[in-house]
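Below is one structure, written out as structure tokens; the observations come after it.
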Amino acid sequence: MGPKVAMIGGGSWATAIIKMLSDNITEKELFWWMRNTEAIEHIKKYRHNPNYLSSVEIRIPEANISDQIREMIASADYVVLNVPAAFLKETLKELGPKDLEGKKIVSAIKGIVPDENQIIGEFLNEKFGVPLENILVISGPCHAEEVALEKLSYLTIASVSTVHAEEFAGMLNTRYIRTNVSDDIFGTEYAAVLKNIYAVASGICHGVGYGDNFQAVLISNAIREIDRFVNAVHPISRDIKESAYLGDLLVTAYSQFSRNRTFGNMIGKGYTVKSAQLEMNMIAEGYYAVNCMHVINKKYKVDMPISRAVYAILYEKHSPVIEMKLLSEQLN
């Protein structure tokens, strides 16, 4: 039997990765933890997730799907964390360093842990003692909805240990998923967080009436903001135009499937944060991320006018129209 992989989380991205792992021909055993017991029973009976990507057939043995997180993790070599960053501490609250000892932990979260203001890799390293070489990050321009439709998509698996990254990447390759490997766990993870903020900005601009021409300028400035920030945090040689950075930013800022863009669009049209969140019924990671980045950047002092504008709108309740007008005068 090949490696054992446990998925932690029951949303659309978790379901999409389960599909990739199942469709890939590498021998492996899959386990799936989710909090929702009704969804678990539905999956066991009908073989699809009732709440997310319901067209995807689930081919995991019934005994391997459970709401017992310690049991699911104990069974695995690779543990894929795939819950919203805001809920990660709650999800792992009954676990300690012993439970994750020797496991390779894969972050598919693309968010920052609130209160701690840490990317997932830093949080796992500091709070659970997971060595950096056992931490992997999934990034790249890949919406779950297109995975369900088997549209060709590309993922980057980052780890200090390229051996681990290559092994896990090898478990995801299918005719519709292509993977590459990176050693830039800090850059890819921060870029994945930041692109959600810029997708919110993109949505806000659309909501207040800016067109495609301005959107292009906004995103051109956004990739430069990402470049400045990741170089300040982790200055290594990287090409910011690679798909893990620029590609992920583009799809999140422009795609019809982007929940962060959708959330921003609603804010731009005059919704309150609360009403937008209720109507979407999904987490827009950019809302939490911009507050965390505001705190983190007090240390680095990187020039980030777009991120600052989104923070002012969402947390200081500034007018989207006025804030975007002020931002437009700073871009080039």
Side-chain angles (χ1 to χ4, degrees), residues 1-34 43 47-49 52-53 56-61 63-66 69 71-83 100 102-110 120-121 124 130-144 146-185 188-189 192 242-244 247-248:
M1 196 52 158
K4 297 180 177 182
V5 183
M7 175 63 65
I8 306 301
S12 55
W13 189 219
T15 307
I17 296 176
I18 287 286
K19 175 177 169 60
M20 297 176 213
L21 289 164
S22 300
D23 289 349
N24 170 276
I25 61 170
T26 307
E27 191 176 6
K28 68 186 84 64
E29 186 174 5
L30 302 181
F31 299 83
W32 197 358
W33 173 89
M34 62 179 74
I43 291 169
R47 315 311 295 166
H48 67 83
N49 189 337
Y52 303 95
L53 304 187
V56 171
E57 182 190 358
I58 307 300
R59 305 190 300 275
I60 298 177
N64 291 13
I65 308 172
S66 169
I69 191 166
E71 190 181 295
M72 293 292 98
I73 287 176
S75 305
D77 304 305
Y78 283 88
V79 177
V80 184
L81 298 178
N82 209 331
V83 297
L100 301 186
K103 311 285 183 188
K104 293 177 271 290
I105 314 295
V106 185
S107 170
I109 291 176
K110 299 190 176 185
I120 310 306
L124 293 170
V130 181
L132 283 180
E133 60 268 23
N134 282 358
I135 295 169
L136 297 85
V137 176
I138 299 179
S139 62
C142 193
H143 279 304
E146 291 203 351
V147 172
L149 295 168
E150 299 187 356
K151 300 278 190 184
L152 182 60
S153 304
Y154 294 69
L155 288 173
T156 297
I157 312 303
S159 176
V160 171
S161 166
T162 51
V163 172
H164 293 159
E166 282 166 3
E167 182 181 36
F168 192 72
M171 290 189 265
L172 294 173
N173 285 318
T174 65
R175 62 180 177 76
Y176 58 88
I177 296 291
R178 294 184 188 164
T179 57
N180 58 62
V181 165
S182 165
D183 62 358
D184 184 18
I185 58 169
T188 52
E189 195 160 10
E242 286 180 359
S243 61
D248 204 4

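When all heavy atoms are compared, the tightest approach of A76 to V5 is CB-C, 4.3 Å. Summarising the geometry of K103 relative to A74, their closest heavy-atom pair is NZ-O, 3.1 Å, with the distance given to 0.1 Å. Closest heavy-atom contact between T188 and A244: CG2-CB, 4.1 Å. Nearest approach of A16 to V147, heavy atoms of both residues: O-CG1, 3.7 Å. Heavy-atom minimum distance, L30 versus N64: O-ND2, 2.9 Å. Contact record, S153 with C142: CB-SG, 3.6 Å, taken as the closest heavy-atom pair.
Taking CG of L81 as the reference point, atom CG of L100 lies at 7.5 Å (rounded to 0.5 Å). Atom CD1 of I157 sits about 7.0 Å away from atom OG of S139, to the nearest 0.5 Å. In this structure, OG in S75 is found 4.0 Å from CZ in F31, a value given to the nearest 0.5 Å. Here the CD1-CD1 distance, from I65 to I18, works out to 8.0 Å after rounding to the nearest 0.5 Å. Residue Y176 holds its OH atom at 13.0 Å from CD of E146, rounded to the nearest 0.5 Å. Interatomic distance, CD1 of I43 versus CD1 of I58, reported as 5.5 Å (0.5 Å rounding).
Judged purely by atom type and a 3.5 angstrom limit, K151 has no side-chain atom pairing as donor or acceptor with the backbone of L149. Side-chain atoms of E166 never come within 3.5 Å of backbone atoms of V181 as a donor-acceptor pair (strictly under, hydrogens ignored). No donor-acceptor pair closer than 3.5 Å links the side chain of K104 to the backbone N or O of H164. Looking at W13, its side chain does come within 3.5 Å of a backbone N or O of A108 through a donor-acceptor pair. Side-chain atoms of D77 come within 3.5 Å of backbone atoms of K4 as a donor-acceptor pair (strictly under, hydrogens ignored). No donor-acceptor pair closer than 3.5 Å links the side chain of R47 to the backbone N or O of V56. Here the side chain of T179 pairs no donor or acceptor atom with the backbone of T156 at under 3.5 angstrom. With hydrogens and angles disregarded, no donor-acceptor distance shorter than 3.5 Å links the side chain of T15 to the backbone of N49.
Of the N and O atoms on the side chains of N24 and T174, not one donor lies less than 3.5 Å from an acceptor on the other residue.
With sequence neighbours excluded, no residue forms a salt bridge (Lys or Arg N to Asp or Glu O under 4.0 Å) with E133.
Contacts classified as salt bridge (charged side-chain N to carboxylate O under 4.0 Å, His left out) and involving residues 14-24 (residues at least two apart or in different chains) are given here: K19-D23, K19-E150, D23-R59.
Within a 6.0 Å radius of CG in L152, more than 12 heavy atoms belonging to other residues, nucleotides or ligands are found.
Between V80 and F168, some side-chain heavy-atom pair lies under the 4.5 Å cut-off. The closest side-chain heavy-atom distance from I17 to L172 is below 4.5 Å.
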### Task
Evaluate the criterion side-chain contact (heavy atoms from CB on, under 4.5 Å) for residue pair E242 and N180; output intermediate values, then yes/no.
CA-CA 11 Å; E242 286 180 359; N180 58 62; over 6 Å; no
### Query
Under the side-chain contact (heavy atoms from CB on, under 4.5 Å) criterion, do M7 and I60 qualify, and how do the steps go?
CA-CA 11 Å; M7 175 63 65; I60 298 177; over 6 Å; no
### Task
Dump the intermediate steps for side-chain contact (heavy atoms from CB on, under 4.5 Å) on I135 and V160, then the final yes or no.
CA-CA 8 Å; I135 295 169; V160 171; over 6 Å; no
### Task
Test Y78 against K28 for side-chain contact (heavy atoms from CB on, under 4.5 Å), laying out the working first.
CA-CA 11 Å; Y78 283 88; K28 68 186 84 64; over 6 Å; no
